[in-house]
Amino acid sequence: MNMQFEPIAPKSKRPFIIAGPCSAETEGQVMATAKALAEQNIDLFRAGIWKPRTRPGSFEGVGKEGLSWLKRVKEETGLKVTTEVAKADHVYEALKYGIDVLWLGARTTVNPFSVQEIADAVSGMDIPVLIKNPINPDLPLWMGAIERIYKAGITKIGVIHRGFSFHGETKFRNVPRWQLAIELKRNFPDLMMICDNSHICGRRDLLQEVAQEAMDLNYDGIMTEVHPRPDEAWSDAAQQITPDTFRDLVSSLVLRQENSDDVEYLAHIDDLRQKIDEIDDDLLKLLGSRMKVSEKIGEYKKRNNIAILQTSRWNEILDQVMVKANAEGLSEGFVNTFLRAIHQESIDHQEKVMNSQEA
Ligand code: PEP
Ligand code: MN
């Protein structure tokens, strides 16, 4: 599908800043946060009114009443406001109260029925829509949501990368898997991309480094949860920060440009990139030779009726390589992924040899 997006704000405004509490709790809390953030010239004020909670019994949002607080934010601070919508009714209510931008949460993007319901509700309207990634790392599902909203006639679309559910040990609440967002950007280069560092991190101490990483990957902006008294927040307390901490976070961000036309820079970077290309060529050739040896091993095992996998040998490789990788300054996570991919490819080559009809 050939889509042409309009940014929800001029592209030159970088970073585009969305901030505000996870949830609107009371009128006082909403107004206090908005006033503090208006002084910081943020671009869009966020607050959840309807909260999709993983388990019932948690605070599920103040509902419609909160929309009049957001309306007051607009009137008294001049800030534009955004809230999450998950059903057609939410859309109608939000529009009635003059909400400027709608966003789809991760638990909505995951469900094509819900996305379509919202697409039908915004059809023909002139309202920007931000689409969070689905909770699972499924790029076509994310793209599908973008397509549904686009087909409803909305061209002012942005995406919010908020990380993905993950079972296992990780320092993040939702692992970023940056490559997935980068892949989305490769497909839709003019799509505005925002990093929701709050839901990626789930904790305050990582917010700055994740926001900086997003800037270094050329994201257009950030969405961060800000609360006047974070520890007392009714939802997502561990990841919210005060307006003052948020000011420090934003001012610490180093913004680098995507490119330069400086002749010396261009010549030098070309030189370095050529070296990278040559090394990549060498790596590919080496991997090809490694697979040829694997095939020989496959033939040999076949003749001797030996299975492909010997766990002890695989453990030995892992141990040996980890020590060497460490000495080369390579991270354990990377080497693990890389080695496992090579191992799988090697198994596939051996499988092919073992199960071919030839002698
Ligand atoms: C939120 O932004 O508060 C929220 C519920 O986020 P997500 O949809 O990313 O879980
Ligand atoms: Mn939240």
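Bear in mind that the values here come from a model prediction, so they are computed numbers and not experimental data. Every number for a ligand or one of its atoms is a count from 1 in the order of the listing. Values below: all heavy atoms of this structure, side chains included; hydrogens, waters and symmetry mates excluded.
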Under 3.5 Å, is there a donor-acceptor pair linking the side chains of [X] and [Y]?
X	Y	value
Glu84	His90	no
Thr155	Glu6	yes
His268	Glu264	no
Glu225	Gln239	yes
Asp348	Gln344	yes
His199	Asp196	yes

Sub-3.5 Å N/O-N/O distance, Glu225 and ligand 1:
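Glu225 vs ligand 1: N/O contact under 3.5 Å present.
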
If you measure every N/O of Trp103 against every N/O of ligand 1, is any gap under 3.5 Å?
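In this structure, Trp103 places no N or O atom under 3.5 Å from an N or O of ligand 1.
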
Cys22 SG and Glu225 OE2 subtending at the Mn ion (ligand 2) (10° steps):
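Roughly 90°, rounded to 10°.
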
Please note down the angle at the Mn ion (ligand 2) between OD2 of Asp236 and NE2 of His199, to the nearest 10°.
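The angle at the Mn ion (ligand 2) comes to 90°, rounded to the nearest 10°.
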
Going by the order shown, which atoms of ligand 1 are within less than 4.0 Å of some heavy atom of Arg107?
7 (P), 8 (O), 10 (O)

Mark up the atoms of ligand 1 that fall under 4.0 Å of a heavy atom belonging to Gly105, in ascending order.
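This gives 8 (O) as the contact atoms.
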
Angle between ring planes, Phe164 versus His161, binned at 30° and 60°: parallel, tilted or perpendicular?
tilted

Would you kindly specify which portion of Met223 sits under 4.0 Å from ligand 1, judged on non-hydrogen atoms: side chain, backbone, both or neither?
neither

Ligand 1 contacted by Cys22 (non-hydrogen, < 4.0 Å)
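It does; at least one heavy atom falls under 4.0 Å.
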
Looking only at non-hydrogen atoms, which of Lys132, Arg46, Gln239, Lys51 approaches atom 7 (P) of ligand 1 most closely?
Lys132

Glu75 atom CD, neighbour heavy-atom count above 12 within 6.0 Å:
yes

Can a salt bridge be assigned to the pair Lys87 and Glu117 using a cut-off of 4.0 Å between side-chain N and carboxylate O?
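So Lys87 does not pair with Glu117 through a salt bridge.
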
Quick one: look up the protein heavy atom nearest [atom] and list residue, atom name and how far away it is.
atom	result
atom 9 (O) of ligand 1	Arg162 NE, 2.6 Å
atom 8 (O) of ligand 1	Ala106 N, 2.8 Å
atom 4 (C) of ligand 1	His199 NE2, 3.5 Å
atom 5 (C) of ligand 1	Glu84 OE1, 3.7 Å

